Chemist: 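The following block contains the structure, expressed as structure tokens.
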Amino acid sequence: MSEVVWTIAGSDSGGGAGIQADLHAMRSFGVHGCSAITALTAQNSVAVEALNAVSLPVLESQLQALATDLPPKAIKIGMLANVQQIQLIAEHLRYYRDKWPQPPVVVYDPVAIASSGDSLIEEDAQADIVDAIKTHLLPLVDVVTPNVHETQMLTGVYLIGPSAMRDAAARLQQWGVNSVIIKGGHWDYPQGYCVDFCLHGDQEYWLGNERVITPHSHGTGCSLSSAIAACLAKGYPLKDAFILAKAYINAGLKVAQRYGEGVGPVAHTQFPENLDDFPQVIEPGSWLGDALDFDCDPDFNYAAGFASCPEKLGLYAVVDSFAWLELCLAHGIKTVQLRIKDADSPNLEQDIKRAIELGRQHDAQVFINDHWQLALKHGAYGVHLGQEDLHLANLKAIQDAGMRLGLSTHGFYEMLLAHNYRPSYLAFGAIYPTTTKDMTGQIQGLEKLKHFVPLMRRHYPTVAIGGIDVTRLPDVAKTGVASIAVVRAITEASDPTAAIAQLQQLMVQYGD
């Protein structure tokens, strides 16, 4: 069953923004959109001719009708025309939070100014509206998504650089909202680039891409916040919702067109499928990070471009001992990862050295998990690192040694972060729940894997990992992923040799 998402916003008679854009964006991400209309605007592509706020009884009747039959996983709030509407919506959000067993995620896009430059709030009450937003609404909101102008209006912080973005986001958090996304469409810094910022709790996420040159950008803010709400309703973490929504907007801007005499609307396409539409994850050490004057150690660990490995790594065994590695290689597995988590093991270096030597004897790809220093010392074929280890290893030394680098990714944001480093392969997981490590909140499932693989397989060998066994392998292989990693399917099998043979046969049968 499709997830339900509400939009509480104004109607754009020109069709480019408001609930019209919201519902288009929600449909693109596979959720069912419902609407409660706060105002009927009379506008076209040139100007907003009139703003007609609906009465409180009319607005409340819409909310009550939806609540009795179509409870949402997420609510996107857009234009609220006056203080009374803000107070009413706040009352309902408080009720949902306190009384519903599963309160919806709330995304608020504080719409104030249309693309034409016209105000979308009752101007004689602007100061009161801003105060009501801070006092009543923000404490009940999970994510707020202002653009540069709206951020400055709400916070009084003039956004002249990254530190000001951080200060403004922190100020919004002080008023009760947990996460802030400041849209950079009107922030040309560095020149020619669009940079967006997310503060989620105390975690920062920065995205940047070359500005898409088009005059037709009506409805981008509505569409982006609606895409975020749709992704959150589907259980995506905010950082993934952020990067997917941005890719969706970039794709829409590239094909946007004029319908009237003024500014045309952003186009509504589909779930992002083209890597060129995705923004770059900005980190210290990258040129965009340097352009933004990110404070970092001058020796920040950043390297991009690692030695290649076969496009198809085949069945990929992940084992925790030399004995298991020896068994896998002896029975024809050509890609094996030695994952010894005990850094204090007295035989650690000896086992790694023997594993590397045995890999050479079998003409196999043996990757060492985590212990990159020992892998370097003994000339390993490659190392595999998790995202949490990426900045702890000496990537430049690994690169200079010609060693291959495999990176784990858990979701779209981490996938794009890993792409910054141009590794030798990308691993996606966990596809299914697994007992080998705590993957709470990081189960990807087949649906996401079907999106990961087309985005990345032209650039990297792709590997699926996590809870895959003989019963699940066919479905995973049908996604087109180039390699499938298994752990318990071998090490907990009653007959490991037979399990290896069966897994190898399935890879041949179902692999493309």
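Note that the structure is a prediction, hence the values are computed from the model and not measured.
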Chemist: Any side-chain to backbone donor/acceptor pair from Gln387 onto Glu414? Under 3.5 Å, distance only.
Modeler: yes
Chemist: Going from CG on Leu137 to CG on Leu93, what distance comes out if it is rounded to the nearest 0.5 angstrom?
Modeler: 6.5 Å
Chemist: Are the side chains of Lys246 and Asn209 in contact, using a 4.5 Å heavy-atom criterion?
Modeler: yes
Chemist: Determine whether Ser217 and Leu253 make a side-chain contact, defined as any pair of heavy atoms from C-beta on separated by less than 4.5 Å.
Modeler: yes
Chemist: Using side-chain heavy atoms (C-beta onward) and a distance below 4.5 Å, is His419 in contact with Leu426?
Modeler: no
Chemist: For Leu416 and Pro279, which heavy atoms make the closest approach, and how far apart are they?
Modeler: CD1-O, 3.9 Å
Chemist: Taking CG in Asp98 as the centre, count heavy atoms belonging to other residues, nucleotides or ligands within less than 6.0 Å. Is the count above 12?
Modeler: yes
Chemist: On a heavy-atom basis, which atom in Asn82 and which in Ala53 lie closest, and how many Å separate them?
Modeler: ND2-CB, 3.9 Å
Chemist: Does Asp22 form a side-chain contact (heavy atoms from CB on, under 4.5 Å) with Ser35? I'd like the steps, not just the answer.
Modeler: CA-CA 9 Å; Asp22 295 344; Ser35 62; over 6 Å; no
Chemist: Would you find more than 12 non-hydrogen atoms of other residues, nucleotides or ligands less than 6.0 Å from Lys234 atom NZ?
Modeler: yes
Chemist: So does Gln509 have more than 12 non-hydrogen atoms from other groups sitting under 6.0 Å from CD?
Modeler: yes
Chemist: State the NZ-NZ distance between Lys478 and Lys450, to the nearest 0.5 angstrom.
Modeler: 9.5 Å
Chemist: What pair of heavy atoms forms the shortest contact from Val5 to Ala233, and how long is it?
Modeler: CG2-CB, 3.6 Å
Chemist: If every non-hydrogen atom of Leu315 is compared with every non-hydrogen atom of Met507, which pair is closest and at what distance?
Modeler: N-CE, 3.9 Å
Chemist: Quick check: are there more than 12 heavy atoms from other residues, nucleotides or ligands sitting under 6.0 Å from CZ of Arg27?
Modeler: no
Chemist: How many angstroms lie between NZ in Lys76 and CG in Asp109, if you round to the nearest 0.5 Å?
Modeler: 5.0 Å
Chemist: Are any side-chain N or O atoms of Ser28 and backbone N or O atoms of His24, one a donor and one an acceptor, separated by less than 3.5 Å?
Modeler: yes
Chemist: Only one of Phe412, Phe29, Phe278 clears ring pair (Phe, Tyr, Trp, His ring centres under 6.0 Å) with Tyr248; which?
Modeler: Phe29
Chemist: OG1 of Thr409 to CG of Leu417: how many Å apart, nearest 0.5 Å?
Modeler: 10.0 Å
Chemist: Is there a donor-acceptor pair under 3.5 Å between the side chain of Trp175 and the backbone N or O of Thr155?
Modeler: no
Chemist: Output, in order, the C-alpha distance, side-chain angles, deciding distance and verdict of side-chain contact (heavy atoms from CB on, under 4.5 Å) for Tyr96 and Ile75.
Modeler: CA-CA 11 Å; Tyr96 306 151; Ile75 297 174; 3.9 Å; yes
Chemist: Quick one: does any side-chain atom of Thr38 pair with a main-chain N or O of Gly10 as donor and acceptor, under 3.5 Å?
Modeler: yes
Chemist: Does atom CD of Gln203 have more than 12 heavy-atom neighbours from other groups under 6.0 Å away?
Modeler: yes
Chemist: Strictly by modelled atom types, are Tyr425 and His384 linked by a side-chain donor-acceptor pair under 3.5 Å?
Modeler: yes
Chemist: So, Asp196 side chain and Gly184 main chain: donor-acceptor pair closer than 3.5 Å or not?
Modeler: yes
Chemist: Under a 4.5 Å cut-off applied to non-hydrogen side-chain atoms, are Ser223 and Ile249 in contact?
Modeler: yes
Chemist: Where is the tightest heavy-atom contact between Trp6 and Leu63, given as atom of each residue plus distance?
Modeler: CH2-O, 4.0 Å
Chemist: Does a side-chain heavy-atom distance below 4.5 Å link Val486 with Asp469?
Modeler: no
Chemist: Give the C-alpha distance, both sets of side-chain angles, the deciding distance and a yes or no for side-chain contact (heavy atoms from CB on, under 4.5 Å) between Leu140 and Ile89.
Modeler: CA-CA 10 Å; Leu140 302 168; Ile89 297 302; over 6 Å; no
Chemist: Taking atom types as modelled, find out whether His136 and Glu91 have a side-chain donor-acceptor pair closer than 3.5 angstrom.
Modeler: no
Chemist: Backbone N or O of His149 within a donor-acceptor pair of the Asn147 side chain at under 3.5 Å?
Modeler: yes
Chemist: Do the non-hydrogen side-chain atoms of Leu288 and Pro190 ever get within less than 4.5 Å of each other?
Modeler: yes
Chemist: Is it true that a side-chain atom of Ser45 and a backbone atom of Gly262 form a donor plus acceptor pair closer than 3.5 Å?
Modeler: yes
Chemist: Okay, side chain of Thr41, backbone of Leu51: is any donor-acceptor separation there less than 3.5 Å?
Modeler: no
Chemist: Out of the candidates Phe197, Tyr189, Tyr413, only one should pair with Trp206 under the ring pair (Phe, Tyr, Trp, His ring centres under 6.0 Å) rule; please name it.
Modeler: Phe197
Chemist: Hey, does the side chain of Ser225 reach the backbone of Cys222 with a donor-acceptor pair shorter than 3.5 angstrom?
Modeler: yes
Chemist: For a quick test of reading the model, state the closest non-hydrogen atom pair linking Glu3 to Gly30 and the distance between them.
Modeler: OE1-O, 4.2 Å
Chemist: Find out whether Arg339 and Val487 are in side-chain contact, i.e. whether some heavy atom of one side chain is under 4.5 Å from a heavy atom of the other.
Modeler: yes
Chemist: Is there side-chain contact between His200 and Val143, with heavy atoms separated by less than 4.5 Å?
Modeler: no
Chemist: I need the Arg94 CZ to His92 NE2 distance, nearest 0.5 Å.
Modeler: 11.0 Å
Chemist: Taking it one step at a time, do Val318 and Ile490 satisfy side-chain contact (heavy atoms from CB on, under 4.5 Å)?
Modeler: CA-CA 9 Å; Val318 180; Ile490 293 174; over 6 Å; no
Chemist: Given 3.5 Å as the limit, does a donor-acceptor pair link the side chain of Asp142 with the main chain of Val107, or not?
Modeler: no
Chemist: Calculate, to the nearest 0.5 Å, the distance between atoms CG and CE belonging to Leu455 and Met415 respectively.
Modeler: 4.5 Å
